[in-house]
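Report on the following structure.
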Amino acid sequence: GQSLEQPSEVTAVEGAIVQINCTYQTSGFYGLSWYQQHDGGAPTFLSYNGLDGLEETGRFSSFLSRSDSYGYLLLQELQMKDSASYFCAVLRGGKLIFGQGTELSVKP
Amino acid sequence: DGGITQSPKYLFRKEGQNVTLSCEQNLNHDAMYWYRQDPGQGLRLIYYSQIVNDFQKGDIAEGYSVSREKKESFPLTVTSAQKNPTAFYLCASSRDQLTGGLNSPLHFGNGTRLTVT
């Protein structure tokens, strides 16, 4: 089976760094993805980790440790527009299974 | 610009009525998906299709039906058998079967918010 756990809410101030963790329990694991969703909008793809280590894309980085069944999304130099929900998702059997999402609130 | 179009954005129905949600994509993607999102919740997979004329049940298929007669279109019917149909429905597509997230991430439409009373 599969389950993903991530914090429900995170609050940070503008300009800060925030880390959103994701732990998973799944068989047939093929990779961990991250998506961003602004309130009422369409989720958009942020990053994917198929192998252990850090992937960097501008202000966003994502990390995966397959031995620990753990990953995180790191957001640097936070901006107000980063306030959104962030979902981790695992790829299994041709399907993307999503976590419950972490609502990030960026304060001035 | 290529993308996924879901219509309508808001939909209201009476309990006991079937309703069909439209999803069209012009990205030339092979795979299409339907997800349901409830307030404060993650996305749950309803149905997916990896190729025309073929589709598979996701995790919460009961009370829903789909068809994939054309590559561009993947309509979802919410039937009267769905006990809690009020939700935000998201359609997505990917270039091919998700064998690698980087090479084939999901592209989502803007969703249809269905309210059944």
Side-chain angles (χ1 to χ4, degrees), chain A residues 1-9 20 22 24 26 28-51 53-57 60 62 64 66 71 73 84-105, chain B residues 1 3-7 9-10 23 25 27 29-51 54-61 87-114:
Chain A
Q2 66 280 325
S3 66
L4 299 99
E5 292 189 11
Q6 50 181 131
S8 58
E9 296 178 344
I20 299 174
C22 175
Y24 60 88
T26 185
F29 174 78
Y30 289 105
L32 185 70
S33 297
W34 289 92
Y35 284 77
Q36 178 193 60
Q37 184 184 33
H38 285 98
D39 193 29
T44 57
F45 172 77
L46 290 177
S47 67
Y48 169 76
N49 293 74
L51 300 174
L54 192 68
E55 295 284 342
E56 298 180 72
T57 309
F60 294 0
S62 58
L64 176 65
R66 288 175 295 173
L73 180 69
S85 292
Y86 293 84
F87 296 89
C88 59
V90 293
L91 189 62
R92 188 181 72 83
K95 300 183 293 182
L96 206 56
I97 309 300
F98 287 82
Q100 296 294 300
T102 298
E103 186 174 351
L104 171 63
S105 297
Chain B
D1 289 338
I4 299 179
T5 301
Q6 290 188 243
S7 60
K9 187 171 183 178
Y10 298 95
C23 178
Q25 55 102 355
L27 298 166
H29 284 174
D30 285 326
M32 297 187 74
Y33 312 81
W34 275 105
Y35 285 88
R36 169 182 173 141
Q37 186 174 31
D38 293 285
Q41 300 295 312
L43 285 69
R44 292 184 291 167
L45 184 64
I46 305 173
Y47 267 99
Y48 63 107
S49 167
Q50 296 171 350
I51 198 168
D54 188 40
F55 48 83
Q56 288 80 39
K57 293 182 179 179
D59 299 319
I60 56 166
F88 186 47
Y89 290 88
L90 286 158
C91 178
S93 70
S94 62
R95 190 177 65 193
D96 49 31
Q97 182 182 359
L98 294 175
T99 55
L102 183 61
N103 293 328
S104 196
L106 291 188
H107 296 257
F108 283 87
N110 287 323
T112 292
R113 197 168 297 278
L114 173 64

Minimum heavy-atom distance [X]-[Y], with the two atoms named:
X        : Y       : answer
B:Leu106 : A:Tyr35 : N-OH, 2.9 Å
B:Gln41  : A:Phe87 : O-CE2, 3.9 Å
B:Gly109 : A:Ala42 : O-CB, 3.0 Å

Among A:Gly40, A:Ser85, A:Gly101, A:Pro43, who wins on heavy-atom pairs under 4.5 Å with chain B?
-> A:Pro43
More than 12 heavy atoms of other residues, nucleotides or ligands under 6.0 Å from CG of A:Asp39: is that the case?
-> no
Is it true that atom CD1 of B:Ile51 has more than 12 heavy atoms of other residues, nucleotides or ligands lying nearer than 6.0 Å?
-> no
Segment of [X] engaging chain A (4.5 angstrom heavy-atom cut-off):
X        : result
B:Arg113 : side chain
B:Gln6   : neither
B:Leu43  : both

Side chain / backbone / both / neither for A:Gln6 at chain B, heavy atoms under 4.5 Å = neither
Calculate, to the nearest 0.5 Å, the distance between atoms CD1 and CZ belonging to A:Ile97 and B:Arg44 respectively.
-> 12.0 Å
Note, A:Lys95 side chain near B:Gln56 side chain (heavy atom, < 4.5 Å) | no
